[in-house]
There are 2 protein chains.
Amino acid sequence: MSYPLGVSLRADSARVREQMLLAARRRIEGGDLDLPLNAVAKDAGVGVGTVYRHFPTRQELLEALAADSLAELAGAAERAAEAADAGAALGDFLAAALSRLDRDPALALVLGASDAACDDTMRRSRELLGALTGLLDRARAGGAVRADVTAADLRALVCGVHHAAEVAGTGETGRYLRILLDGLKP
Amino acid sequence: MSYPLGVSLRADSARVREQMLLAARRRIEGGDLDLPLNAVAKDAGVGVGTVYRHFPTRQELLEALAADSLAELAGAAERAAEAADAGAALGDFLAAALSRLDRDPALALVLGASDAACDDTMRRSRELLGALTGLLDRARAGGAVRADVTAADLRALVCGVHHAAEVAGTGETGRYLRILLDGLKP
DNA sequence: ACCTGAACACCGTTCAAGT
DNA sequence: ACCTGAACACCGTTCAAGT
């Protein structure tokens, strides 16, 4: 039994796509933030052109790698926005975001980029910022956050804390987050 | 009148060195953080080998580019450590550091690096951290800074604020610094 | 449709040959 | 001593040729 041509091609394409993402993930988690596309192609056992067909730019590959993390973050923000104690929920969300950033190098690059290359990333980003805005409004109303902080600030500041922890070495994320949380109070 | 051979060579070498630094500065200030050494050589009108002779690694070129900024920072920290109001001096120093970081891309790369390649950078770094430790001690004694913050933390956090401002776009440095300063209070 | 891989331009880095 | 630039390996990116 063979699949109809269209389906078979799509299935094959999806398989190849997964191979490339797997190879890319292995590389970037191994600390190679450059992520040379030629090397990804070789690791995945496909031609370079195939990488470029699936991911026209390096940024699109990074966004594909970070997609799960970004979706999880957006979900966490939405749950946080409904929590009873908005101030505490904000702290928990930021801790979760930093923990993800520590484990997923691609997420740091995507969250730090000024704008998204893929529609999917754009959507998730908007979801995230929207939920965060709601969360901030409630936290502000509860007196937990100063007046002038926006969701975009929060995104930037989380990237900043992550970067600071990277500069310092390892294991400082928690302390730096506490400093940020204190600084966010009115 | 010709100079003795040794002096003439040294003078020529110094001239060539300045040409390379000038070319590199132009590139990096033009936004090319990659700073390709082949391109620097071409811009400076020297052979690639000459660049490598003067700056064996990219890191050493970056440190040469950031040397003035780093020296100025170390000086500012030493002056701050002697100021009457240690808390205020700390805030002023951090503002000055961030202003330098905004203007000198090489400084951000050097300050963010885990360790220095050149002895000179190492010395200046130690000077900076030493002065900062003194400043912190006095600010802490005056009740302006929480107990667990070290000079190394401060260095990392400044890099973090700078990074956050870069992620956010432009002009947020001041607001983010205020958040950091509030967060540093005990 | 999708994939391959040769091809070209460019950069990192070294080193033999020049002055 | 110091400088030059050819040389080699590698990566980004495109595109004609294959299936």
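Below, chain A is the first sequence line, B the second, and so on; all start at residue 1. Values reported hereafter were calculated over all heavy atoms of this structure, with side chains retained and with hydrogens, waters and symmetry mates removed. Because the structure is predicted, anything quoted here is derived from the model rather than measured.
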### Nucleotide pairing, DNA chain C (Watson-Crick or G-U, distances under 3.5 Å), in dot-bracket with [ ] and |
||.|||||...|||||.||
### Query
Under 3.5 Å, is there a donor-acceptor pair between the side chain of B/Arg58 and the main chain of B/Leu37?
no
### Query
Expressed in angstrom and rounded to an integer, what is the separation of B/Arg53 atom CZ from D/dG5 atom P?
15 Å
## Note on the structure
To the nearest angstrom, the CZ-C1' distance between A/Arg17 and C/dC2 comes to 15 Å
### Query
Do the side chains of A/Val167 and B/Val149 join up, straight or via other hydrophobic residues, at under 4.5 Å, putting them in one cluster?
no
### Query
Within the structure, does a side-chain N or O atom of A/His54 lie under 4.0 Å from either OP1 or OP2 of C/dC2?
no
### Query
Near B/Asp137 CG, under 6.0 Å, is it more than 12 heavy atoms from other residues, nucleotides or ligands?
yes
### Task
Kindly indicate whether the side chain of A/Pro36, heavy atoms from C-beta on, has any atom under 4.5 Å from the side chain of A/Arg27.
yes
#### Entry: A/Glu63 (side chain) donor-acceptor with A/Cys118 (main chain) under 3.5 angstrom
yes
### Task
Quick one, give me the B/S/- string for nucleotides 10-19 of chain C, reading 5' to 3', where B means a protein heavy atom under 4.0 Å from the base and S means that only happens at the primed atoms, P, OP1 or OP2.
-SBBBB----
### Message
Determine whether a donor-acceptor pair (N or O, by modelled atom type, separation under 3.5 Å) exists between the side chain of B/Arg103 and the backbone of B/Ser99.
### Response
yes
### Task
Nearest 0.5 Å please: distance from the CG atom of B/Asp68 over to the CZ atom of B/Arg100.
7.0 Å
#### Entry: Pairs meeting criterion salt bridge (Lys or Arg N to Asp or Glu O under 4.0 Å) with involvement of residues 153-168 of chain B, two or more places apart
A/Arg175-B/Asp153
